[in-house]
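Presented below is the structure to which this report refers.
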Amino acid sequence: MLNGNNILETITMIQEEHLDVRTITMGISLLDCCDSDIDVVCDKVYDKITRCAKDLVKTGEEIEKELGIPIVNKRISITPAAIVLAGCQDKDAVKLALTLERAAVACGVNFLGGFSALVQKGFSAGDLALIEAIPEALAVTEHICASVNVGSTKAGINMDAVELMGRIVREAAERTADRGCIGPAKLVVLCNAPEDNPFMAGAFHGVSEPDCVINVGVSGPGVVRAALAKAGPDKNLSEIADIIKKTAFKITRMGQLVAQEASKRLGVPFGIVDLSLAPTPAVGDSVAHILEEIGLSQCGGHGTTACLAMLNDAVKKGGVMASSHVGGLSGAFIPVTEDAGMIAAARSGCLTIEKLEAMTSVCSVGLDMINIPGDTTAEVISAIIADEAAIGMVNGKTTAVRVIPAIGMGVGDELNFGGLLGEGPVMPLNTAAPDVFIHRGGRIPAPMHSLKN
């Protein structure tokens with residue numbers, strides 16, 4: 001039921017507390033575009049994407065104007081491109097990436113995700129061709145995002161893929177060093193990747209999804225922080241958790257409204273609402289500042305992991321009451337360069353890689369948007385990926401690594417990506433060599449609790 005107070009509260013959330021729908025993402029299956037001829041595949045892919053998504057941006061803008069709710073991004077996710085390439089005799093993944101770029105530009109979207117491979121148990125026909133092409137594909141495109149899933153609770157961790165991805169991340173940075181090393185900012189390495197995630201860079205359209213679907217990602221760190229600030233310092237943590245749940249409910253209801261409206265107008269099934277708290281570099285739109293509002297002097301200090309665990313749980317509990325179809329990642333993101341509070345904590349030295357790794361065990365993603373020294377070896381990057389994949393595998397949750405080797409830079413230097421990708425300092429790493437471990441290859445077996453059948 002709506003009343004005047006509800007409406008005024010929502011207006012305040014939007015105007016003063018940075019409430020927005022972070023993305024409307026259209027998932028498109030490209031399974032019917034497969035062919036043995038790469039040129040035929042590219043033609044089919046371009047035609048299908050531009051046909052399905054031709055009205056996506058226009059519809060998003062109309063809903064934004066009519067409802068007064070900011071919709072920051074309109075995006076597309078596709079079937080993992082490695083699957084589409086599998087049947088081609090000439091597996092020219094860069095040609096496919098350029099086709100996807102043309103389609104993204106034609107549709108007017110911010111990003112197109114799904115230049116992806118799922119290799120948690122091994123490599124199939126198109127996987128290696130796609131992975132090897134990632135550095136060049138990200139260098140010659142602007143809107144394409146890539147992801148590789150290297151592990152899962154059910155399959156274990158493919159350490160051959162982990163070793164390979166350390167090199168790929170470095171090469172992506174080297175190929176875009178003249179543009180602030182932007183390449184790896186559009187590349188994420190995952191464990192337990194969800195098939196319906198609307199957020200980049202890890203979005204792809206899973207093979208179990210409908211032919212075309214609308215997924216919406218909402219966001220409101222500023223709203224949660226404002227609600228806690230109004231509550232004052234006298235509330236105990238049970239009461240704080242309850243406030244977060246109620247606020248997440250309100251945020252998710254707004255996302256559900258936008259998702260259903262977009263689904264109806266586009267004639268495409270509604271998939272899920274991802275209720276993740278996704279921060280931006282804007283002041284007042286920070287997950288770190290929520291943790292500080294709960295009572296930390298600065299994000300990264302002792303107590304951070306416990307605060308984040310409570311926040312993540314309360315967000316999920318509030319969100320699932322507001323929508324019948326919650327999916328994706330749904331929790332709290334901690335991307336360093338995209339969060340004003342995280343940036344400040346990293347610059348002061350309070351927030352370290354080791355603390356971020358601990359935080360990833362209780363939140364939605366992983367080591368996200370972290371600038372690392374430009375001379376970091378491929379083996380160290382692979383070891384970072386392996387550690388995060390292990391956290392995801394053992395805990396049965398999604399984890400990810402999106403680190404940016406700042407070529408030619410050292411600790412304390414700054415990289416600025418602009419826009420939602422933000423900026424931040426190069427953070428120090430433990431550089432003790434993991435080379436022998438990484439080069440062993442093979443697979444880390446799945447944990448015992450994977451045997452649930």
Side-chain angles (χ1 to χ4, degrees), residues 22-31 73 75-83 111-121 145-158 161 186-210 212-219 252 255-256 259 269-278 312-313 315-316 319-320 323-335 360-368 385 388-402 446 450 452:
R22 187 54 48 86
T23 180
I24 293 179
T25 300
M26 177 178 282
I28 302 172
S29 172
L30 300 183
L31 292 176
N73 296 295
R75 296 167 172 171
I76 294 168
S77 64
I78 60 164
T79 304
I83 297 174
F111 285 116
L112 188 153
F115 196 76
S116 308
L118 311 179
V119 295
Q120 56 267 31
K121 210 167 183 179
C145 290
S147 60
V148 178
N149 193 72
V150 298
S152 72
T153 300
K154 194 71 178 173
I157 302 171
N158 180 352
K186 298 183 290 177
L187 168 61
V188 61
V189 187
L190 294 140
C191 177
N192 287 321
E195 295 190 337
D196 54 5
N197 165 29
F199 287 102
M200 302 295 169
F204 63 86
H205 186 71
V207 294
S208 65
E209 294 287 300
C212 192
V213 70
I214 287 290
N215 297 320
V216 166
V218 297
S219 184
T252 307
Q256 172 96 350
F270 160 49
I272 56 94
V273 175
D274 185 320
L275 48 101
S276 297
L277 295 180
N312 208 56
D313 179 67
V315 166
K316 290 178 188 291
V320 296
S323 174
S324 300
H325 301 288
V326 171
L329 296 160
S330 290
F333 288 171
I334 51 171
T360 65
S361 66
V362 299
C363 74
S364 285
V365 204
L367 296 174
D368 196 17
I385 294 168
E388 273 304 297
I391 290 173
M393 175 185 71
V394 171
N395 288 287
K397 66 184 292 297
T398 303
T399 51
V401 172
R402 186 165 47 150
S450 68
K452 291 184 178 180

_Working note: D368 + I334, criterion side chain to side chain contact (heavy atoms under 4.5 Å, CB included); need CA distance, chi angles, decisive distance, verdict._
CA-CA 7 Å; D368 196 17; I334 51 171; 5.6 Å; no
Atom pair [atom1] ([X]) and [atom2] ([Y]), whose distance is rounded to the nearest 0.5 Å:
X: T398; Y: I391; atom1: OG1; atom2: CD1; result: 13.0 Å
X: S276; Y: N197; atom1: OG; atom2: CG; result: 7.5 Å
X: T79; Y: L31; atom1: OG1; atom2: CG; result: 4.5 Å
X: M26; Y: I76; atom1: CE; atom2: CD1; result: 7.5 Å
X: Q120; Y: M393; atom1: CD; atom2: CE; result: 12.5 Å
X: F199; Y: N73; atom1: CZ; atom2: CG; result: 9.0 Å

Compare every heavy atom of [Y] with every heavy atom of [X], then report the nearest pair and how far apart it is.
X: L367; Y: T360; result: N-CG2, 3.7 Å
X: C363; Y: A332; result: CB-O, 3.6 Å
X: V326; Y: G319; result: CG2-O, 3.8 Å
X: C191; Y: A389; result: SG-O, 3.4 Å

Short side-chain to backbone donor-acceptor contact, [X] and [Y], under 3.5 Å:
X: H205; Y: G113; value: no
X: N215; Y: P198; value: no
X: D313; Y: V315; value: no

*Side chains of N312 and V362: does their closest heavy-atom pair fall under 4.5 Å?*
no
_Do F111 and K186 make a side-chain contact, defined as non-hydrogen atoms from C-beta onward lying under 4.5 Å apart?_
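A side-chain contact under 4.5 Å exists here.
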*Applying side chain to side chain contact (heavy atoms under 4.5 Å, CB included), run through F204 and L118 and close with a yes or a no.*
CA-CA 10 Å; F204 63 86; L118 311 179; 3.8 Å; yes
*asked:* Taking side chain to side chain donor-acceptor pair (under 3.5 Å) as the criterion, tell me which of N395, T399, T153 meets it with N192.
replied: T153
*Enclosure of K121 NZ (heavy-atom neighbours >12, cutoff 6.0 Å)*: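 12 or below, so no.
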